[in-house]
Amino acid sequence: MTSAYVYYRIDPAQTMLAAARIDALLAVMAAHCNAPPRRLQRCDDASTWMEVYEGIADRAAFAAALDAAAAAQDCAAFIQGERRLECFAAAASTP
């Protein structure tokens, strides 16, 4: 299983709009995870946010669904810069 992390900066003047749209995005994406997705913000910079998605079985399908959902929620309207997606999996055990 894979975990995905998406991080970006939001326009602080649009925090309420961003929260509503990202929460809607998380609700849509919950179907692609085996744990509820979460929205976090950086402790020392409230304009840097992260979405956490865990238990992803099909990374390619997840990425396509995430792109479509982010476009449907018009996330570009409140994000400064771009959304960055990084995926991680459990490390292979060493003998």
**Message:** Let me check something: do Phe88 and Met1 share a hydrophobic cluster, defined by ILVMFWY side-chain heavy atoms less than 4.5 Å apart, either directly or through other members?
**Reply:** no

**Prompt:** Could you go step by step and tell me if Thr48 and Met50 meet the side chain to side chain contact (heavy atoms under 4.5 Å, CB included) rule?
**Reply:** CA-CA 7 Å; Thr48 300; Met50 177 178 282; over 6 Å; no

**Fill in**
Taken in chain and number order and not counting sequence neighbours, the residues that satisfy side chain to side chain contact (heavy atoms under 4.5 Å, CB included) with Ala65 are Met29, His32

**Prompt:** Would the number of heavy atoms belonging to other residues, nucleotides or ligands and lying under 6.0 Å from CZ of Arg83 be above 12?
**Reply:** yes

**Fill in**
One should read off an interatomic distance between Phe78 CZ and Met16 CE, to the nearest 0.5 angstrom, of 13.5 Å

**Request:** Could you grab the distance from atom CG of Leu17 to atom CG of Asp74, nearest 0.5 Å is fine?
**Result:** 8.0 Å

**Request:** Rounded to the nearest 0.5 Å, what's the gap from CG on Leu85 to CZ on Arg59? Could you check?
**Result:** 9.0 Å

**Complete:** All heavy atoms of Tyr53 vs all of Val6, minimum pair found to be CE1-CG2, 4.1 Å

**Asked** Any idea which heavy atoms bring Gly55 and Ser3 closest together, and the distance?
**Response** N-OG, 4.4 Å

**Shortest non-hydrogen contact between Ile10 and Gln80, atoms and distance** = O-OE1, 3.5 Å

**Request:** Would you mind reporting whether Arg38 and Leu26 have side-chain heavy atoms less than 4.5 Å apart?
**Result:** no

**Item:** Distance-only side-chain donor-acceptor flag, Glu51 / Tyr8, under 3.5 Å
**Value:** yes

**Message:** Could you go through Leu40 and Tyr7, starting from their C-alpha distance and side-chain angles, then the distance that decides it, and tell me whether this counts as side chain to side chain contact (heavy atoms under 4.5 Å, CB included)?
**Reply:** CA-CA 9 Å; Leu40 307 173; Tyr7 60 97; over 6 Å; no

**Complete:** Note: Glu54 and Cys33 closest approach over all heavy atoms is O-CB, 3.2 Å

**Request:** Could you give me the CA-CA distance, side-chain angles and deciding distance for Asp23 and Arg21, then say whether salt bridge (charged side-chain N to carboxylate O under 4.0 Å, His left out) is met?
**Result:** CA-CA 5 Å; Asp23 289 347; Arg21 291 194 183 169; over 6 Å; no

**Item:** Nearest-0.5 Å distance that lies between atom CZ in Phe62 and atom CD1 in Ile56
**Value:** 4.0 Å

**Request:** Grab the two heavy atoms, one from Cys75 and one from Leu25, that are nearest each other, plus how far apart they are.
**Result:** SG-CD2, 4.3 Å

**Asked** Cationic tip of Arg39 within the cone over Trp49's six-membered ring, i.e. under 6.0 Å and within 45° of the normal?
**Response** yes

